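The basis for the numbers below is simple: all heavy atoms, side chains too, and nothing from hydrogens, waters or symmetry mates. Given the structure is predicted, the values throughout are model-derived calculations rather than measurements. Just so you know, ligand 1 is whichever comes first in the structure, and atom 1 is the first atom listed for that ligand.
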Amino acid sequence: MATVANAKRLVIKIGSALLVDRHSGQLRADWLRALVEDVARIRTRGTDVILVSSGSIALGRRLLGLPAEELSLEQSQAAAAVGQIQLARAYAEALATHGITAAQVLVTLEDSADRRRYLNSRATLEQLLRLGAVPIVNENDTVATDEIRYGDNDRMAAQVAVTAGADQLILLSDVDGFYTANPAHDPSAKRFDVIDAITPEIEAMAGEAGSGLSKGGMKTKLMAARTATAAGCDMAITEGSGLHPVRALEEGAPATWFTAQGDPQQKRKQWIAAMKPKGRFVVDAGAASALGRGSSLLPAGVVSVSGRFGRGDAVELADETGRALGQGLTRYDMADATRILGRRSAEIKELLGYPARGPLIHRDDMAI
Ligand code: GLU
């Protein structure tokens with residue numbers, strides 16, 4: 001079974017019901033302070049932490065004096081615009097007391113569906129973590145229309161975990177795990193400690209309902225688990241309303257762990273290898289042996305490019321004798337790749353008119 005202590009990159013999803021008091025609509029500042037203490041402690045072990053936090057709509061609706069009943073889409077979007085400022089500030093202030101910088105990242109469904117945008121979000125998250133910041137991610141509810149919304153942060157958190165190559169995802173929820181039936185209605189319901197495979201039987205056990213403030217029910221949590229585990233990320237559901245919820249989980253609080261299928265790097269490589277290539281890069285002998293040692297592909301090592309590919313598409317890699325080396329996701333489209341091949345990275349800005357996005361293919365985006 002996974003343990004938080006082993007996480008290299010951890011995504012923690014915080015539900016609205018934990019962060020915002022159901023009755024007063026106010027932020028639970030003491031809870032947030034305790035959560036952030038957990039985050040600061042985990043980071044001292046060298047674990048990267050990304051927070052996916054709900055709560056913007058719950059906070060914003062009170063500030064705007066919106067009614068208690070279900071909001072229209074426009075009302076939710078207005079509430080999110082107002083509440084997100086408060087939410088981000090609360091995290092930034094709480095993290096700052098530990099000398100940690102918060103970064104706000106607002107995403108939409110399109111950011112993961114579109115390969116180019118997916119690569120951009122991945123690179124930005126990577127950069128933020130490298131610079132020591134804690135990304136605070138939420139859905140960009142204000143601009144997302146219904147058709148392009150996740151609508152729930154469970155699935156979004158799983159997608160963030162996949163995008164960031166996280167090896168663990170914790171859903172802090174108002175239930176302490178996944179049950180054989182809804183424990184609120186069925187007293188004989190039993191909680192699973194570990195679920196190794198999401199079978200049709202398991203699926204049938206997930207009901208529809210969510211609680212008052214949060215959008216997701218067990219169904220969205222199960223979908224999140226499917227996404228995360230398939231990409232090599234373990235996922236836990238645990239009850240998070242008490243102070244120090246992550247520490248509690250580490251100390252054995254009830255939870256359900258969904259077991260990852262493989263590890264994130266290996267899964268990502270399989271995913272890349274299985275893509276249909278849109279082009280082909282021929283590399284020189286020096287680059288071919290560097291790729292074999294796990295290096296990124298620089299424009300200088302590329303002899304020719306062919307095909308019709310956009311940024312983020314898969315391309316085949318071959319050496320000058322025609323031997324296939326593998327494939328990878330290109331960071332440049334056909335036109336730009338053609339312009340910079342054989343050139344040094346320092347020349348790219350001049351050639352393209354914008355600063356380099358690093359290598360032509362990053363080593364994390366390659367299956368050799
Ligand atoms: N993005 C929404 C918010 O911040 C929450 C969605 C959810 O509860 O899962 O209010």
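- Using a 4.0 Å cut-off between charged nitrogen and carboxylate oxygen, D48 and R43 do not count as a salt-bridge pair.
- In terms of N/O distances under 3.5 Å, ligand 1 is approached by N138.
- Using a 4.0 Å cut-off between charged nitrogen and carboxylate oxygen, E350 and R339 do not count as a salt-bridge pair.
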Indicate every side-chain donor-acceptor pair of residues 287-304 with a distance under 3.5 Å to a residue at least two apart or in another chain.
residue: S289; atom: OG; partner: G286; partner atom: O; Å: 3.2
residue: S295; atom: OG; partner: A290; partner atom: O; Å: 3.2
residue: S296; atom: OG; partner: R363; partner atom: N; Å: 2.9

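- For the pair M218 and G177, the tightest heavy-atom approach, listed with the atom from each and the gap, is CE-O, 3.1 Å.
- The minimum heavy-atom distance linking A2 with Q168 is given by the pair CB-NE2, 4.1 Å.
- For ligand 1, the polar-atom distance check against S56 finds a nitrogen or oxygen pair separated by under 3.5 Å.
- Every atom of ligand 1 with a heavy atom of N153 under 4.0 Å away is listed here by number and element: 1 (N), 6 (C), 7 (C), 9 (O).
- Considering both main-chain and side-chain atoms, D152 never comes within under 3.5 Å of ligand 1 through any nitrogen or oxygen pair.
- Annotation: A58 places no N or O atom under 3.5 Å from an N or O atom of ligand 1; distance criterion only.
- With salt bridges taken as basic N to acidic carboxylate O contacts below 4.0 Å, one links D154 and K13.
- The shell of residues lying under 4.0 angstrom from ligand 1, judged by heavy atoms, includes G55.
- Near I57, meaning under 4.0 Å from one of its heavy atoms, ligand 1 places the atoms 3 (C), 10 (O).
- If you look at L87 next to ligand 1, there are no close heavy atoms at all, none under 4.0 Å.
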